[in-house]
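A quick note: this is a predicted structure, and the numbers were derived from the prediction, not measured. The chains referred to below are lettered A, B, ... by the order of the sequence lines, with proteins before strands, and numbering in each begins at 1.
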Amino acid sequence: MDILKDLNPAQREAVQATEGPVLVLAGPGSGKTRVLTHRVAYLVRGCGVDPYNVMAVTFTNKAAQEMMGRLHHLLGQRLRRLTIGTFHAICSRILRREAKHLDVTSDFAIYDQSDQLGLVRQALQDLNLDEKMYRPQAILATISKAKNELIGSESFEPQTYWQEVAGRVYTRYQELLLANNAQDFDDLLMNAVHLFTRHPDVLAKYQRRYLHILVDEFQDTNTAQYVLVKRLAGENSSLFAVGDEDQSIYAFRGADFRNVHRFRNDYPDARLVLLEQSYRSTQTILDVAKAVISYNIHRTPKDLRTEKGQGLPIVAHEAYNEQEEAQYVVDEIAHLVAEGTCRPGDCAIMYRTNAQSRVLEDAFVRAGLPYKLVGATRFYARREIKDVLAYLRLVHNSHDSVSLARIINVPPRGIGPKTRSALERWADDLKVPIYTALQMLREEIEGSRGGEEVTACLPSYACNVLADFAELLGELIAAREKLSVLELLDLILDKSGYSAYIRDGTEEGEDRWNNILELRTVAREYLDLPPEAALTTFLEEVALVSDVDSFDEAVNAPTLLTLHMAKGLEFPVVFMVGLEEGLFPHSRSFNDPEAMEEERRLCYVGITRAKERLYLVHTFRRTMYGESQVSVPSRFIADVPDHLIAGREEAQAALGEEERRYRWQVQWPVTSGPAVTVQFETGDRVRHRLFGEGIVIESKVTGADEEVTVAFEEEGIKRLLASFAKLEKLNG
DNA sequence: CTGGTGACAGTTTTT
DNA sequence: CTGTCACCAG
């Protein structure tokens, strides 16, 4: 059968194991996407399974699209009845379909991170809480974490006072979401699970449908996703999970690679398939990767191998500082290109933090060479895009007060905070949504042209601008049913004055306008759908899609990207820069072994992106936060055996024994935990010579010292270094 | 309602 | 050293 013909034995085994649960542990470059697509094709073509009974979950929309494309190619037909998409997209579709069982209607809005933050701020305000003490970011992280663990606001159990407050914000936040007829990203997952818990009949319906469930990137699932899959699969579906523990790099977002182990526990008779043959990297690169990852304790050892041969030793380079590091990379690429080794587009430069891209960009600009920068500011996070989308969302769902708040004065139309809060108070008194209040206001004004007082005690100027705004919205909403998304977009841009507002003649304005034009191109894709469906689908996809400007393969220039964004990609030549203790591994992981393991996995991901050539670059000194500091080379470089690094063995041999030991100590000393032990922890009562008594809020190790944040009774919150501050502990 | 100033924090972010 | 954000004066 031709679907199986270009698969190796392990891949074929995975594809053909259609009875019972299967877990595939796939090394980097071992063809896991291939296995996934071929399995779907095999089910449909080889086993006569109706695509309607198959669900394939990917981690990005891009991956879903690619898989669709490959299936089309493989089968020569489009599988329209196949369920394929991200967890969020699939859940959102289910929730809309089953909205009658939920507290929202089927046209609920989906809130992204910045919408969520806005809502958290509002919740904090409603509860009269101080944003300084309760950082919206931190609160949101707590809420998100809870939701990922399927803990609703009603079952949230605080461990500390701070968490008790966070729990109250959580409750208020959920009320606000509901009032706005909205769900946030995490809700999509949690509520899908809750829906299935509360309505076994609904669950049964989906279980009957999805007889084959395939999950990609299984190591990056969170609890909610794991439970969801398990529920959906039930007793009868064949569950197929593909992943690689060593590439789990999203723990900070709730992902837990232990789900791989959980899977093995929950399904003891699951068939385990290991894909260990790499079709990507040379043996040397695989050996480097293996050496680095082998220091992790929590993993299943794998024996990665390739038929590509040993290849070249990797290069470890020390630059003087970050400017020279960037220059080295640019020069090296220019050199490789000049000697015909590779094309510029074959090269990628990877770094731990986005901030590092600046210096690299500078170097390319100065050299007059083009480069591609992947996703610093994401397209859909751009202000102008969010603004225009807010208009569309509001037109679609007039209860969406977050969107309303966003654009009520954008472009400026004289509705300041004062007018706005008066309007809010009035709407609150009448117990109607703000949009309804706006329309009522407009009617009253039209009814009383004479100018007598209106019920809402607002100054007449405010009344007029608000009425104008209400009229604009009314007009747009009325147009919704007749117009395509594209026409609606144009109407909004025109009537609201947004295009005039954005195109202010500056270069930046023109950039922003171009982004809006980009959005118009996206909208054009929805032209053949009927208006209402088009708007819903458009907003849905736009909310769940990360970046349209995901990088352009066609441009032949080096790619600059963070290590996280590199996952799933491959390049013939890879430069990993900034391999220094504190930067990579990042200092925040120093006192947390689990976080350190994740840094190591991140390093593993970076290394295994390389097909032929790998450069590990670090600096002698680096400027951080305006201060130049001598840097210590990353432990990850030290973990690479000398014989895999070009010139390293000779260099080591040339050094005398004593010097070698010296270098070992100075350069790679970081074998155990942090040098500084933490003396203070949250909750400790302390006394300071000048500031008096207080309570420790936070304590962390920074560099060679401990930084303690203390809330003093008299002096407020201070940040102190333990070695200078001479803090006295009071609670014994 | 703007624009300016000061305080402050400063990983990663497939959805 | 940066960028962001809250707050205040014009």
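For A:His564, the listed nucleotide lying nearest its side chain is B:dT12; candidates were B:dG10, B:dT15, B:dT12. In this structure, of B:dT2, B:dT15, B:dT12, it is B:dT2 that holds the atom nearest to the side chain of A:Asn409. Side-chain proximity of A:Phe252 to B:dT15, B:dT11, B:dT12: nearest is B:dT12. Relative to the side chain of A:Arg352, the nucleotides B:dT14, B:dT15, B:dT12 differ in distance, and B:dT12 lies closest. Picking from B:dT13, B:dT14, C:dT2 the nucleotide with the shortest atom distance to the side chain of A:Thr60 gives B:dT14. Comparing B:dT15, B:dT12, B:dT14 by their nearest atom to the side chain of A:Thr353 picks out B:dT12. Between B:dT15, B:dT14, B:dG10, one nucleotide has an atom nearer to the side chain of A:Lys567 than all others, and that is B:dT14. Among the nucleotides B:dT14, B:dT15, B:dT11, the one closest to the side chain of A:Tyr625 is B:dT11.
Regarding contacts with the backbone of B:dT12, a side-chain N or O of A:Asn354 is found under 4.0 angstrom from either OP1 or OP2. Phosphate contact (OP1/OP2 of B:dT14, side-chain N/O of A:Thr58, threshold under 4.0 Å): absent.
Spacing between atom CG of A:Leu583 and atom P of B:dG10 amounts to 16 Å, rounded to whole angstrom units. To the nearest angstrom, C1' of B:dT12 lies 13 Å from CZ of A:Arg601. Remark: C1' of B:dT15 and CD of A:Glu541 are 14 Å apart, rounded to the nearest angstrom. Between A:Arg622 atom CZ and C:dC1 atom P the separation is 18 Å, expressed in whole Å. Across the protein-nucleic acid pair, A:Gln113 atom CD and B:dT11 atom C1' stand 13 Å apart, rounded to whole Å. In this structure, A:Gln247 places its CD atom 20 Å from P of B:dT12, rounding to the nearest Å. Rounded to an integer number of Å, the gap from A:Arg135 CZ to C:dA6 C1' is 13 Å. The distance from atom CG of A:Asn61 to atom C1' of B:dT13 is 15 Å, rounded to the nearest whole Å.
For B:dT14, the base has no donor-acceptor partner in the side chain of A:Lys62 [N/O atoms by modelled type, under 3.5 angstrom]. The base of B:dT15 lies close enough to the side chain of A:Arg253 for a donor and an acceptor atom to sit less than 3.5 Å apart.
Using a 30° and 60° split on the angle between ring planes, A:Phe185 and A:His88 fall in the perpendicular class, above 60°.
Atom P of B:dT13 sits at a distance of 15 Å from the matching atom of C:dT4, rounded to the whole Å.
Within 4.0 Å (heavy atoms only), A:Tyr250 reaches at least one base atom of the nucleic acid. Within the nucleic acid shown, A:Ile415 comes within 4.0 Å of sugar-phosphate atoms alone, with no base atom in reach, counting heavy atoms only. Contact annotation for A:Arg121: backbone-only contact, meaning every heavy-atom pair under 4.0 Å involves sugar-phosphate atoms and none involves a base.
Between A:Glu594 and A:Arg258 there is a salt bridge, since a side-chain N of the basic residue sits under 4.0 Å from a carboxylate O of the acidic one. Ion pairing of A:Arg600 with A:Asp246 is absent here, as no side-chain N (NZ or NE/NH1/NH2) approaches a carboxylate O to less than 4.0 Å.
For the pair A:Phe636 and A:Val292, the tightest heavy-atom approach, listed with the atom from each and the gap, is O-CG2, 3.8 Å.
Under the 3.5 Å distance criterion, with hydrogens and angles disregarded, no donor-acceptor pair is assigned to the side chains of A:Ser631 and A:Arg622. Checking A:Gln356 against A:Thr353 by side-chain atom types alone, a donor-acceptor pair falls below 3.5 Å.
Between A:His586 and B:dT11, a base-stacking contact is recorded: ring centres under 5.5 Å apart, planes less than 30° from parallel.
Summary of the strand contacts: A:Glu599 and A:Glu217 both lie near DNA chain B, and taking for each the nucleotide with the nearest heavy atom, the more 5' one is attributed to A:Glu599.
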